[in-house]
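Side chains included, hydrogens not; waters and symmetry mates left out as well; all remaining heavy atoms used.
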Amino acid sequence: MAATDDRAGKRPNSVWLTERPPLKRKAEQPAGLDLDKIVAATVRLLDAEGLSKFSMRRLAAELGVTAMSVYWYVDTKDDLLELAVDAVAGEMALPDESDAGADWRDQLRTLAVGYRDMLLGHPWAARLLGEFINIGPHSTAFSNATQRVMRRSGLEADHTSGALASLFHFVYGFSTIRATHEARCRAAGMSLDDYFEQVVAALSDRPEFAEMLEPSTRAGYVRRGRSAVEMLDRDFAFALDLQIAGIEAMRDRPED
């Protein structure tokens, strides 16, 4: 049963705010099954088949148990999805805070790249990050790390949340769109390079698209033999530099 606060009413639904009684071993529970194995299998299934195909019945079949066996460990499918999204948040590298001389800009890049890589590696996580409050231990550790790095930047405290929102919303949007393109290419049996080459070939002789193609460098990358992934990685790195430069500029801007 979810914990409640008498002053504020029922708390937001979250597996991290839910009190469950300690598990008691019962004869019908499969030997060797535990919550860590269930969460790991959930992540594998979500990676392989996506969020739309995930079900407790499908998970139970993957584990070789009954669906009721899974419910010994979680109350709902949403609880399990919340555990899964925090599990993949644990893959994001955190800066080494023991190095007092480390550059906060490099540390912020580490956090941003780790967030991007997590979203690309687990495309289903993007939707869940928008549905849950993400207060699991890994998500919280990542959030705390971003706050500590931003404090080292010298930006005023009341601007920190806006700066982090600008940076990580950019990473979220960039990565989610890229992951969606990659998923559609896989479903169509083609690579990102094939997709971009088809787009360029279809649009290159259409005058109404000439202005769009010229500055975007899409056709240029194809002609120079660079892959679509190289193009996207370079665009991301440049856009990330712009974000960090913007934080510096706002930090150094004279107060009115």
Side-chain angles (χ1 to χ4, degrees), residues 14-16 35-37 39-48 51 81-155 160-183 192 227-248 251:
S14 172
V15 69
W16 307 108
L35 185 58
D36 288 341
K37 290 181 179 178
V39 172
T42 298
V43 171
R44 289 197 305 272
L45 274 180
L46 289 167
D47 287 345
L51 190 58
L81 293 175
E82 195 174 1
L83 290 167
V85 79
D86 191 68
V88 298
E91 298 175 6
M92 297 186 289
L94 303 181
D96 179 5
E97 297 186 35
S98 66
D99 183 1
D103 192 318
W104 66 269
R105 302 164 191 81
D106 293 336
Q107 292 183 327
L108 206 55
R109 287 188 184 92
T110 294
L111 291 163
V113 170
Y115 189 46
R116 178 201 63 177
D117 291 346
M118 184 274 289
L119 290 168
L120 292 178
H122 309 285
W124 50 270
R127 175 178 164 186
L128 298 183
L129 287 169
E131 293 186 0
F132 298 125
I133 58 176
N134 304 309
I135 55 172
H138 293 119
S139 298
T140 299
F142 184 83
S143 178
N144 288 341
T146 66
Q147 294 284 347
R148 288 191 291 267
V149 169
M150 285 303 302
R151 283 197 291 271
R152 296 185 61 242
S153 74
L155 191 69
T160 295
S161 60
L164 288 174
S166 175
L167 174 61
F168 286 100
H169 288 179
F170 145 68
V171 179
Y172 178 92
F174 189 103
S175 305
T176 301
I177 291 171
R178 174 173 165 178
T180 300
H181 282 315
E182 291 178 346
L192 272 177
S227 72
V229 170
E230 289 176 319
M231 175 192 71
L232 292 168
D233 285 347
R234 179 168 174 168
D235 286 351
F236 177 84
F238 181 72
L240 179 56
D241 283 346
L242 289 178
Q243 289 285 326
I244 294 173
I247 292 171
E248 290 186 273
R251 178 199 63 188

Is any side-chain heavy atom of Asp86 less than 4.5 Å from a side-chain heavy atom of Phe132? no
Once rounded to the nearest 0.5 Å, what's the spacing between atom NE2 of His169 and atom OG1 of Thr176? 11.0 Å
Run Arg109 and Asp103 through salt bridge (Lys or Arg N to Asp or Glu O under 4.0 Å) and show every step you take. CA-CA 10 Å; Arg109 287 188 184 92; Asp103 192 318; 5.9 Å; no
Check the pair Asp47 / Arg44 against salt bridge (Lys or Arg N to Asp or Glu O under 4.0 Å), numbers first and verdict last. CA-CA 5 Å; Asp47 287 345; Arg44 289 197 305 272; over 6 Å; no
With side chain to side chain contact (heavy atoms under 4.5 Å, CB included) as the test, would you mind laying out the steps for Arg178 and Val229 before giving the verdict? CA-CA 10 Å; Arg178 174 173 165 178; Val229 170; 3.6 Å; yes
Nearest 0.5 Å, what's the CE-NE2 distance between Met92 and His138? 9.5 Å
Could you report the tightest heavy-atom contact between Leu128 and Asn134, atom names first, then the distance? O-OD1, 4.3 Å
Take Val149 and Thr110, measure what side chain to side chain contact (heavy atoms under 4.5 Å, CB included) needs, and give me the verdict at the end. CA-CA 11 Å; Val149 169; Thr110 294; over 6 Å; no
Got Leu83 and Thr42 here, is their nearest side-chain heavy-atom distance under 4.5 Å? no
Check: Ser14/Glu82 side-chain N/O donor and acceptor closer than 3.5 Å: yes
Between Leu111 and Val171, does a side chain to side chain contact (heavy atoms under 4.5 Å, CB included) hold up when you go through it step by step? CA-CA 10 Å; Leu111 291 163; Val171 179; over 6 Å; no
Of all heavy-atom pairs between Ala163 and Met150, which one has the smallest distance, and what is that distance? CB-CE, 3.7 Å
Look at atom CZ of Arg148 and say whether more than 12 heavy atoms of other residues, nucleotides or ligands are closer to it than 6.0 Å. yes
Please report the shortest heavy-atom distance between Arg116 and Ser175, naming the atom on each side. CG-OG, 3.2 Å
Tell me whether Tyr115 contacts the main-chain N or O of Tyr172 through its side chain, where contact means a donor paired with an acceptor under 3.5 Å. no
Strictly distance-based, threshold 3.5 Å: is any side-chain N or O of Ser139 a donor or acceptor partner for the main-chain N or O of Ile135? no
Does any part of the side chain of Arg151, heavy atoms only, come nearer than 4.5 Å to the side chain of Thr160, both counted from C-beta? no
Okay, side chain of Arg251, backbone of Ser153: is any donor-acceptor separation there less than 3.5 Å? yes
Is there side-chain contact between His122 and Leu46, with heavy atoms separated by less than 4.5 Å? no
Thr146 (side chain) donor-acceptor with Ser143 (main chain) under 3.5 angstrom: yes
Is there a side-chain contact between Leu164 and Gln147, using heavy atoms and a 4.5 Å cut-off? yes
In short, Phe174 meets Leu232 closest at the heavy-atom pair CZ-O, 3.4 Å
Do Met231 and Asp235 have side chains that get closer than 4.5 Å, going by heavy atoms? yes
Let me confirm one number: the CD-CG distance from Gln107 to Leu94, rounded to the nearest 0.5 Å. 10.5 Å
Mutual orientation of the aromatic rings belonging to Phe236 and Phe170 [parallel < 30°, tilted 30-60°, perpendicular > 60°]: parallel
Identify the two heavy atoms, one from Ile247 and one from Trp104, that lie closest to each other, and give their separation to 0.1 Å. CG2-CH2, 3.9 Å
Output, in order, the C-alpha distance, side-chain angles, deciding distance and verdict of salt bridge (Lys or Arg N to Asp or Glu O under 4.0 Å) for Glu230 and Arg234. CA-CA 6 Å; Glu230 289 176 319; Arg234 179 168 174 168; over 6 Å; no
Can you see which heavy atom on Arg152 is nearest to which on Ala100, and at what distance? NH2-O, 3.5 Å
Looking at CZ of Arg127 and CG of Leu81, how far apart are the two atoms once the value is rounded to the nearest 0.5 Å? 9.0 Å
